[in-house]
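Below is one structure, written out as structure tokens, with a few remarks after it.
Worth knowing before you read on, the calculation uses all heavy atoms, side chains too, and leaves out hydrogens, waters and symmetry mates. First the proteins, then the strands, lettered A, B, ... as listed; each starts at 1. Just so you know, these numbers come straight off a predicted model, no measurement behind them.
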Amino acid sequence: METPDSTSVTSSHAAYDIERIRADFPILARLVHGVPLVYLDNAASSQKPYSVIQAVDAYYREIHANVHRGAHELSIRATEAYEGARDVVADHMGAASSSEIIFVRGTTEAINLVASTWGAAHVGSGDEILLTKMEHHSNLVPWQILAERVGATVRYVDVATDGSLVMEDYDRLLTSRTRLVGVTHVSNTLGVVNPVAEIATKAHDVGAVCLVDGAQATPHMQIDVGTLGCDFYAFSGHKMLAPTGIGALWGRRELLDSMPPWQGGGEMISEVRLDGFTAAPLPHKFEAGTPHVAGAIGLAEAIRYLRRIGLDAIHAWESALTTYAMERLGEIDRLEIYGPKQNRVGVISFCYADIHAHDLATILDQKGVAIRAGHHCNQPLMEHLGVDATARASIYLYNTHSEIDVLVEALGLAAHLFGVT
Amino acid sequence: MAMSDYGGEGLELSSLQDLYQQVILDHYRRPRNKGPLEDATHTLTLNNPLCGDVIDLMLKLEGDRITEVHFEGKGCSISQASASMMSGLLKGRTVQDALDVMDTFTRMLHGDTDAAADTGLGDLRALAGVSKFPVRVKCALLAWDCLQELVRPETSDS
């Protein structure tokens, strides 16, 4: 095939200044094993721009104190910054109110929160929880724990060979016994984008609530929880340019209000007596203990950064790059790509001849190329696909066509070492 | 294609060539003693939850002598080749001999050059290159971790 015409690439992304974007990420300038880093492990975690690093740094240098506690200047400033960050997240997600945004450690904690509180209050013996076979372990295990505790059953919607959900199977498994439907917005292994709005509507038709795992979606697309129509939306900051250890759960106010508190402690109470306590109003009811203030501030700055570039522009750039990567990888004999050709993000899982994914990752690493190898916390899906492990290259806003070329060259080295022709 | 055609630094390419020697790829693609052992006296499955490599080791022990070694498994070339090499080397050895081989092999994987020169390791010496890739040491040791568990006195009647 032809290499892309750099002029046409430039003209179709006239407003997308890739060199300037790359310059915003200090880590992209470093060498790995003496060669430039080609970071294609973004589905695991993204890199951070200066503005996020500086926002966290400035918080600790200038205004750090505990929040919601003291009547002194720093505590007031820190509280304003923390609650201001919540406003930014709420606005970005299309939440009706900032009190619908609960800060958590990440997607995993958000889902565990819902399973432990909403789940314990509303799921009982004989009830069903409906998930899909492509869920990340973080949207499987919390529900398996709940089901075991209360005597409920977990069912799983099938995945077609192209990686899409089998919607007829969803229709079949969704019944009046279903209390909750849990689905990933974007698959972390296959890159497929699921029809979340349709899934949520159908869930509501049988009286179930719908939780969406947005960990792989929020980095790449504009989310509006109102349009999606789901009831809970969970995501992590670190996959969308923010620090690790911060994420958010959005929930419908009436659901969050009706849920019992989760962890007990400071911050989540309005009054404590020796004979009991009164929980704080939303959102603090679910935020026991001193929160990750710096993380929340970093997440707000990451959202501002993504919005300055524009999620539509990022999506267009990543789509073109994904198409190019799929074409280049598709030219390689005995290389099999999993997941759909369309309706996907740039999470590309593949197997190459009989070279195990871990061996590929080791060889690519020596050429500076960072990919993930293994089961991607997706063991049931891997079993469904009939593979033990895949290599996964995942694209983000700062990746380039020439980095895809380096990936393909490095695969050539792997083929050479393994005698694959 | 010559290795130099790939450009880049010579050091890591020679390290990769050391890691993926022909003898290792041969054991990976044509594993010895892979398959069930019907009269096994000791069996154990271990996996590496981080990467998904699995080894199911089957031993036939007569007294303190290992008379058969078979394995099943899936995973990277290093984990599977190591199991295959082990199966050939340990057949007929005493338990103490096997543990001594494991000790030398482990030292080699951690970069001990004297251990790497020990001809008693047989084909396992081809895995000396793993020492340059510390995260892969656990791959090379997976089958041996099974062995150690199986022959520990307190668990010997698994």
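With a 4.5 Å cut-off on non-hydrogen atoms, B:L19 touches chain A through its side chain but not through its backbone. With a 4.5 angstrom heavy-atom cutoff, A:D388 touches chain B only via side-chain atoms. With a 4.5 Å cut-off on non-hydrogen atoms, A:I355 touches chain B through its backbone but not through its side chain.
Classification of B:D39 and B:K60 as a salt-bridged pair holds, one side-chain N sitting under 4.0 Å from a carboxylate O. Contact check on A:E403 versus A:R22 returns a salt bridge, with a Lys/Arg side-chain nitrogen under 4.0 Å from an Asp/Glu carboxylate oxygen.
Under 3.5 Å, the side chains of A:N399 and A:N42 contain a donor-acceptor pair of N or O atoms.
B:Y20 has its ring centre less than 6.0 Å from the ring centre of A:F418. Between A:H137 and A:H375, the gap from one ring centroid to the other is short of 6.0 Å.
Close approach to chain A, defined as a heavy atom under 4.5 Å from one of its heavy atoms, is seen in B:K74, B:G75, B:C76, B:S77, B:I78 of residues 65-90 of chain B, taken by number.
Here B:D53 is the residue among B:V135, B:D53, B:I24 with the most heavy-atom pairs under 4.5 Å with chain A. Ranked by heavy-atom pairs shorter than 4.5 Å toward chain A, the options B:Q21, B:R29, B:Q22 are led by B:R29.
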task = Report the C-alpha distance between B:L99 and B:V101 in whole Å, list the side-chain angles of each, state the deciding distance to 0.1 Å, and finish with yes or no for side chain to side chain contact (heavy atoms under 4.5 Å, CB included).
result = CA-CA 5 Å; B:L99 291 173; B:V101 170; over 6 Å; no
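Classification of the A:Y398-A:Y396 ring pair by plane angle, with boundaries at 30° and 60°, yields perpendicular. Between A:Y324 and A:H401, the ring planes lie tilted relative to each other; the angle falls in the 30° to 60° range.
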